[in-house]
Amino acid sequence: MAATVTLSGRTDPGLLASLDPLLREWLPRQRWFAGKGRPVTGFSLVAATELLPAHTRLGLYHLLVRAHQPAGPGDCYQLLIGTREALPPRLAPALIGHVTQGPLAGRTVFDALYDTRPAEVLLEALRTGARIGGLRCERDPGQEIRSGLVPRRLTGEQSNSSVIYGDTFILKLLRRVVPGVNPDLELPLALAREGCARVPAPTAWMYGDPGEDEGEPYVLAVLQPYVQGAADGWELALRELAKGEDFATEARALGRATAEVHGALARALPTATLGQAQIRPMVDGMTERLDAAAQAVPALRPYAPALRTAFTALADLAAEGHTWTAQRVHGDLHLGQCLRSASGEWSLIDFEGEPARPLAERRMPQPTVRDVAGMLRSFDYAAHSADPPSPAWAHACRAAYCSGYAEVAGVDPRTDPVLLRAHETDKAVYEVVYEARHRPDWLPVPLSAIHRLAAPDLP
Ligand SMILES: Nc1ncnc2c1ncn2[C@@H]1O[C@H](COP(=O)(O)OP(=O)(O)O)[C@@H](O)[C@H]1O
Ligand SMILES: O=P(O)(O)O[C@H]1O[C@H](CO)[C@@H](O[C@H]2O[C@H](CO)[C@@H](O)[C@H](O)[C@H]2O)[C@H](O)[C@H]1O
């Protein structure tokens, strides 16, 4: 590991000032930038660690940078910034820009996750349990990490950024970070302790010291075994749809896998009973999200009154004295979070929850139907992304998934239609906002579901 120097934003204000104009251009263009649609008005440095000396052939900074935007304190992002005199052509897509002022004047800066050496530096830090300035790595002593594994950046649309090492491990570098326990590490660790093999067990992870006035460290990165030769559920579903094949057998297996993970989470972490006092704020949250979504996406507005009845029906049941069990759940389960290994076994990944929600909310016990609703929506998504759309395919998958779930959990999610409809509606509303913000071309897919959910009794 190279010698390291810890810098502090407060003692080296020139560093961020020199990057500022470049980051203003580059950051909002990144898929993982959460503040789309609002201008970035400035940056402040939460932490800076020099991992490779800045003025050598390849310099490397680890930065936690707060991007200020109108309304609110702004989000904190994890950046791995490489500096070189010039970029070789292979790194052209990683370009952030050419620095003209301050301590890095004359250097070209780039997203260092595209480069091999910075990715090797990260793995080495994790392998050795390094402490570098405010960065602190920990690892599972029971899992071996060989040195010298060759890194390659995962391409594709992601909420974070990942690097695969020699087809053995995958490292997820969280991009928008908040201080505190992150379910993307917390839940897989708990499941590993419980002996649940449906989720890759974390091998090593990295924390960042909190900034001033922040109590808890940041979880910055998680390394886990790479499921070799895996295909994700979304790819597989689209492939079968294109061939006109049904997916019910896989959907059933996915239902069983989901129920196994839920069972292990219920054993590993606290559960709760939800009565009126807990359902009321849950329903208020769903209603507020719907109102905010209707505000942001005009196409949703005509449906809002009918969608609201899905939430009031749940509140009414609670008022009559119904109670529900809640536990920790995945929180953002969809086909893309399910990996089928070469041997046909399903694993679940990405326990971060819905990235836009506050951490405390994502860590609260919830009805397991939240995840079931996510998967049911996903079958619908696949069927309505197909040309022509295939509602019958979605219907068969949804039924098979619920049956598979019931085989393991002992309870079929369809036996509580009010709870299920409220969660599916909440999910579809989330998707409308997500697509409007990130992939406007996809907006018709959740909107078609909104149309159906608003008129549940139509054939
Ligand atoms: N353990 C794993 N084995 C194989 N591929 C993985 C593994 N974990 C993640 N992936 C791949 O990486 C992609 C992104 O991972 P994910 O945890 O969903 O990140 P993000 O939060 O950025 O969406 C997944 O869609 C999957 O293709
Ligand atoms: O990036 P994440 O995997 O954490 O999740 C976000 O992006 C997903 C899209 O990549 C989005 O999922 C939606 O689109 C999927 C098809 O691409 C579909 O299978 C899902 O059912 C649908 O929700 C997810 O909502 C978002 O949080």
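Values reported hereafter were calculated over all heavy atoms of this structure, with side chains retained and with hydrogens, waters and symmetry mates removed.
Within the 3.5 Å criterion, the main-chain N or O of D332 finds a donor-acceptor partner in the side chain of Q337. For R362 (side chain) and E352 (main-chain N/O), a donor-acceptor pair under 3.5 Å exists by modelled atom type. Looking at S378, its side chain never comes within 3.5 Å of a backbone N or O of M375 through a donor-acceptor pair. No donor-acceptor distance shorter than 3.5 angstrom exists from the side chain of R267 to the backbone of E194, with no hydrogens or angles considered. Of the possible polar contacts, one joining the T41 side chain to the H68 backbone as a donor-acceptor pair under 3.5 Å is found. Put simply, the side chain of R437 never gets that close to the backbone of K36: no donor and acceptor are under 3.5 Å apart. Not one N or O on the side chain of N182 forms a donor-acceptor pair closer than 3.5 Å with the backbone of V219. In this structure, Q278 contributes its side chain and G275 its backbone to a donor-acceptor pair below 3.5 Å. At least one donor-acceptor pair closer than 3.5 Å links the side chain of R139 to the backbone N or O of Q143. Listed for the T258 side chain is no donor-acceptor partner under 3.5 Å among the backbone atoms of R256.
Between R136 and E138 there is a salt bridge, with a side-chain nitrogen of the basic residue lying less than 4.0 Å from a carboxylate oxygen of the acidic one. With respect to R398 and D380, no salt bridge is recorded, no charged nitrogen being found less than 4.0 Å from a carboxylate O. We find that R357 and D426 are joined by a salt bridge, their nearest charged nitrogen and carboxylate oxygen being less than 4.0 Å apart. The existence of a salt bridge linking R66 and D75 is excluded, since no basic side-chain nitrogen approaches an acidic carboxylate oxygen closer than 4.0 Å. Salt-bridge formation is not detected for the pair R439/E431: no Lys NZ or Arg NE/NH1/NH2 atom is positioned less than 4.0 Å from an Asp or Glu carboxylate oxygen.
For the pair F311 and L290, the minimum side-chain heavy-atom distance is below 4.5 Å. Residues L149 and L123 meet the side-chain proximity criterion, which asks for heavy atoms closer than 4.5 Å. Side chains of L174 and L220 form no contact here, defined as non-hydrogen atoms less than 4.5 Å apart. Side-chain contact between F247 and L335 is present, with at least one heavy-atom pair separated by less than 4.5 Å. For the pair L339 and I349, the minimum side-chain heavy-atom distance is below 4.5 Å. Residues H384 and R452 are in side-chain contact: their nearest non-hydrogen atoms beyond the backbone lie under 4.5 Å apart. Counting only heavy atoms from C-beta outward, the side chains of L420 and L376 approach each other to under 4.5 Å. Using a 4.5 Å heavy-atom cutoff, the side chains of I164 and P151 are not in contact.
Around atom CD of Q295, no more than 12 heavy atoms belonging to other residues, nucleotides or ligands sit under 6.0 Å away. Applying the 6.0 Å contact sphere to CZ of R308 captures more than 12 heavy atoms from other residues, nucleotides or ligands.
For the atom pair R289 CZ and D284 CG, the distance stands at 10.5 Å (nearest 0.5 Å). From L122, atom CG reaches atom CG of L173 across 6.5 Å, with rounding to the nearest 0.5 Å. Between the CZ atom of F43 and the CG atom of D20 there is a distance of 6.0 Å, given to the nearest 0.5 Å. To the nearest 0.5 angstrom, L191 atom CG is 7.5 Å from L269 atom CG. In this structure, CG on L307 lies 10.5 Å from CG on D291, to the nearest 0.5 angstrom. Expressed to the nearest 0.5 Å, how far CG of L16 lies from CG of L23 amounts to 7.0 Å.
Among residues two or more places apart in sequence or in another chain, the salt bridge (Lys or Arg N to Asp or Glu O under 4.0 Å) test is passed with E186 by R328, R363.
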* Residues R175, S161; criterion side chain to side chain donor-acceptor pair (under 3.5 Å); working and verdict -> CA-CA 7 Å; R175 287 300 196 165; S161 299; 2.8 Å; yes
* To do: Show the numbers, then the answer: is there a side chain to side chain donor-acceptor pair (under 3.5 Å) between Q78 and H62?
  => CA-CA 7 Å; Q78 175 173 208; H62 180 280; 2.7 Å; yes
* To do: Take L274 and T325 through the side chain to side chain contact (heavy atoms under 4.5 Å, CB included) test and state the conclusion after the steps.
  => CA-CA 6 Å; L274 307 182; T325 303; over 6 Å; no
* To do: Walk me through it: do W442 and Y434 pass the test side chain to side chain contact (heavy atoms under 4.5 Å, CB included)?
  => CA-CA 10 Å; W442 287 61; Y434 181 87; over 6 Å; no
* To do: Please report the C-alpha distance between L189 and W205 in whole Å, then the side-chain angles of each, then the deciding distance to 0.1 Å, and finally whether the side chain to side chain contact (heavy atoms under 4.5 Å, CB included) criterion is met.
  => CA-CA 11 Å; L189 279 177; W205 47 94; 3.9 Å; yes
* Full working for side chain to side chain contact (heavy atoms under 4.5 Å, CB included) between V163 and I170 -> CA-CA 6 Å; V163 180; I170 180 164; over 6 Å; no
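Contact detail for V445 and S448: the closest heavy-atom pair is O-OG, 2.9 Å. For the residue pair L453 and E424, the shortest heavy atom distance occurs at CD1-O, 3.9 Å. Of all the heavy atoms in A306 and R421, the pair that sits closest is O-NH2, 3.8 Å. Nearest heavy-atom pair, R370 versus E354, reported as atom, atom and distance to 0.1 Å: NH1-OE2, 3.8 Å. Between G35 and Q69, the shortest heavy-atom contact is O-NE2, 2.8 Å. Here the shortest heavy-atom pairing between T49 and G134 reads OG1-N, 4.3 Å.
Remark: aromatic rings of Y303 and H451 are close, center separation under 6.0 Å. Remark: aromatic rings of F379 and H395 are distant, center separation not under 6.0 Å. In this structure, Y218 has its ring center no closer than 6.0 Å to that of Y207.
Judged by distance alone, the side chains of R414 and S403 do bring a donor and an acceptor atom under 3.5 Å apart. Counting only N and O atoms by type, the side chains of E250 and W346 include a donor and acceptor under 3.5 Å apart. Under 3.5 Å, the side chains of D111 and W26 contain no donor-acceptor pair of N or O atoms.
The only member of H423, H262, H330 that meets side chain to side chain donor-acceptor pair (under 3.5 Å) when paired with D371 is H262.
Judged by a 6.0 Å distance limit and a 45° cone about the ring axis, R153 is positioned over the six-membered ring of Y114.
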Show every donor-acceptor pair shorter than 3.5 Å between a side-chain atom in residues 223-239 and any protein atom, with sequence neighbours excluded, or say none if there are none.
from	atom 1	to	atom 2	distance (Å)
Q228	NE2	D167	O	2.5
D232	OD1	W234	N	2.9
D232	OD1	E235	N	2.9

